[in-house]
Amino acid sequence: MPLATEKRNELIEQLANVDDEIADLYLAEEIPTAEQLVAAIRRATISLKFTPVLMGSAFKNTAVQPLLDAVVNYLPNPTEVTNIALDVNKDEEKVELKPYSNSPFVGLAFKLEEGRYGQLTYMRIYQGTLKKGSFITNVKTGKKIKVPRLVRMHAADMEDVDELGAGEIGAIFGVDCSSGDTFTDGTLKYTMTSMYVPEPVISLSINPKGKETPNFSKALNRFQKEDPTFRVHVNSESKETIISGMGELHLQIYVERMKREYGVECVTGKPRVAFRETITQPAKFNYTHKKQSGGAGQFGRVMGVIEPMARDEETGKDIEFENRVVGGNIPTNYIPACEKGFLDGLEKGPLIGHPVNGVRMILEDGAAHSVDSSELAFRIATKNAFLEAFAKARPTILEPIMNVSITAPTEFQGAVIGGLNKRKGTIVDTEIQEDYFQVTADVPLNDMFGYSTELRSATQGKGEFTMEYKDHQPVQTNVQEELIQQYKKEQANKNK
């Protein structure tokens, strides 16, 4: 078949670019054998120079066997991979795990599932042996638990086993843990490097239709355990349940799962983007909180400066409280209350009521009263001082920017790029491959609502896109004004 021959030659050409043995054969115009090709693909894949792509469909089990063969043939076995754990007892020093069954046990709970008999926890054994009836310790909580039942999964079927060795994946029942927890045999205090969990970028209010049942909260707790990027909280003002996640589709899937798996049909509110507020220049504060109304009064005075703070690469923190008070002008036992006041101010920014990021507060001086000063007085003084200085520090609103990658037939390139420009997108890269093109752009999440429908209609259903959170960036001045006016209107309606 001419097409198969053409594609095989293309494969050899691509391999010749990344593997010396195939390159030598290619230059000598010799055709490599199937064995030589398999060995070259394995070498190039393990050295991360080559990515095999296989075609198939799970719908009718088409090409599932070649996929499993490819996993065996091309991917590294456990002895060819270096797995690193962190030793909690030695200040998270890196430790290389040995994939031997006689080493002390270390395993990672990487996926949770609601099974017929309770929570099913999938576990990857990195070293040692996991035995039925043995005791294992959850490193995060310190809890010791017995392994009641151990199974090896074959799709939806389970095979009961007595033990699993290093490099194997199995599942256990009746273990209460979260996704990403590390377990050991208790002799080691190792933890696997935790996944990077980005902050949620979108929120929805969610309420069950009709009467609330225990299944509503049960489902939300379950989803939070399964997925660290899915968060739930109750809004203190509106008393609404708010779910937050990584995108519109992410949250839609969970709403659908509640209906399908838990029989709870839900009504959702309008999606809300996770804006942030910050400052762009330093500002001084000098604030006195005084209250005298019979009996003990309240007195606290704080002075200092707030300034913009860049994110610390190591800790990921971009808020900080620094105490530089000398001479005991503010007694040391009131300093923690001042820090709490600062954190209170960060919770709800004055511009649009969203959290404040990227601020350092430096407390330089102050005054206390021997009778009227209290922790509460200094907490209120610091919060008000922060809000007063925030207004003078050229505050700005930050919005989440998404890195959007779109693939569509070349004939629709103009329409797709036009659509991105309309949504305030910045084109980062465009690549054309035969009949298809791929474009990468940075687009504000607030302008991405309803994009999947627009892309489908602009590309006759042939276009597709993925997006992931990139960072928060300042919104345009006119958008900032609109958001502030909208917030003021909402507050005015609430106070009526």
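These numbers come from the heavy atoms of this one structure, side chains and all, not from hydrogens, waters or symmetry mates.
In this structure, Glu277 contributes its side chain and His354 its backbone to a donor-acceptor pair below 3.5 Å. The main-chain N or O of Asp176 is never found under 3.5 Å from a side-chain atom of Gln119 such that the two would form a donor-acceptor pair. A donor-acceptor distance shorter than 3.5 angstrom exists from the side chain of Gln127 to the backbone of Pro104, with no hydrogens or angles considered. The backbone N or O of Asn357 lies less than 3.5 Å from a partner atom in the side chain of Thr278, making a donor-acceptor pair. The backbone N or O of Ala377 sits nowhere less than 3.5 Å from a side-chain atom of His289 that would complete a donor-acceptor pair. At least one donor-acceptor pair closer than 3.5 Å links the side chain of Tyr334 to the backbone N or O of Ser373. Side chain of His472 to main chain of Ile397: no donor-acceptor pair is present (N/O by atom type, distance under 3.5 Å, no hydrogens or angles). Thr137 contributes no side-chain N or O that, together with a main-chain N or O of Val139, makes up a donor-acceptor pair within less than 3.5 Å. One N or O on the side chain of Ser457 and one on the backbone of Thr453 form a donor-acceptor pair closer than 3.5 Å.
The aromatic rings of Phe386 and Phe342 sit perpendicular, their planes meeting at an angle over 60°, well past the 30° parallel limit. Taking the six-membered ring where tryptophan is involved, the planes of Phe230 and Tyr254 are tilted, since the angle between them lies from 30° to 60°.
Between Asp447 and Arg423, no side-chain nitrogen of the basic residue sits less than 4.0 Å from a carboxylate oxygen of the acidic one, so the salt-bridge criterion is not met. Taking 4.0 Å as the cut-off between side-chain N and carboxylate O, Asp185 and Lys144 do not count as a salt-bridged pair. Using a cut-off of 4.0 Å between Lys/Arg side-chain N and Asp/Glu carboxylate O, Asp87 and Lys189 are scored as not salt-bridged. A salt bridge is absent between Lys424 and Glu399; no separation between the charged side-chain nitrogens and carboxylate oxygens falls under 4.0 Å. Salt-bridge annotation for Lys383 and Asp344: absent, with no side-chain N of the basic residue lying under 4.0 Å from a carboxylate O of the acidic one. Salt bridge Lys90/Glu92: absent, no basic N to carboxylate O contact under 4.0 Å.
Ring centroid separation for the pair Phe105 and Phe183 does not come in under the 6.0 Å cut-off.
Geometrically, Lys290 does not engage Phe299 in a cation-pi contact defined by less than 6.0 Å to the ring centre and at most 45° from the axis. No cation-pi contact links Arg260 to Tyr262, judged by a cut-off of 6.0 Å to the six-membered ring centre and 45° from its axis.
Under the side chain to side chain donor-acceptor pair (under 3.5 Å) criterion, Glu96 pairs with no residue at all, not counting sequence neighbours. Looking at residues two or more places apart in sequence or on another chain, you find no side chain to side chain donor-acceptor pair (under 3.5 Å) involving Asn221.
The minimum heavy-atom distance linking Pro444 with Ile401 is given by the pair CA-CD1, 3.9 Å.
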Item to check | Residues Asn286, Arg301; criterion side-chain hydrogen bond (donor to acceptor under 3.5 Å, both in side chains); working and verdict | outcome: CA-CA 7 Å; Asn286 181 348; Arg301 185 178 181 194; 3.2 Å; yes
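Side-chain contact of Gln438 with Thr440: a donor-acceptor pair under 3.5 Å is absent, judged by distance alone.
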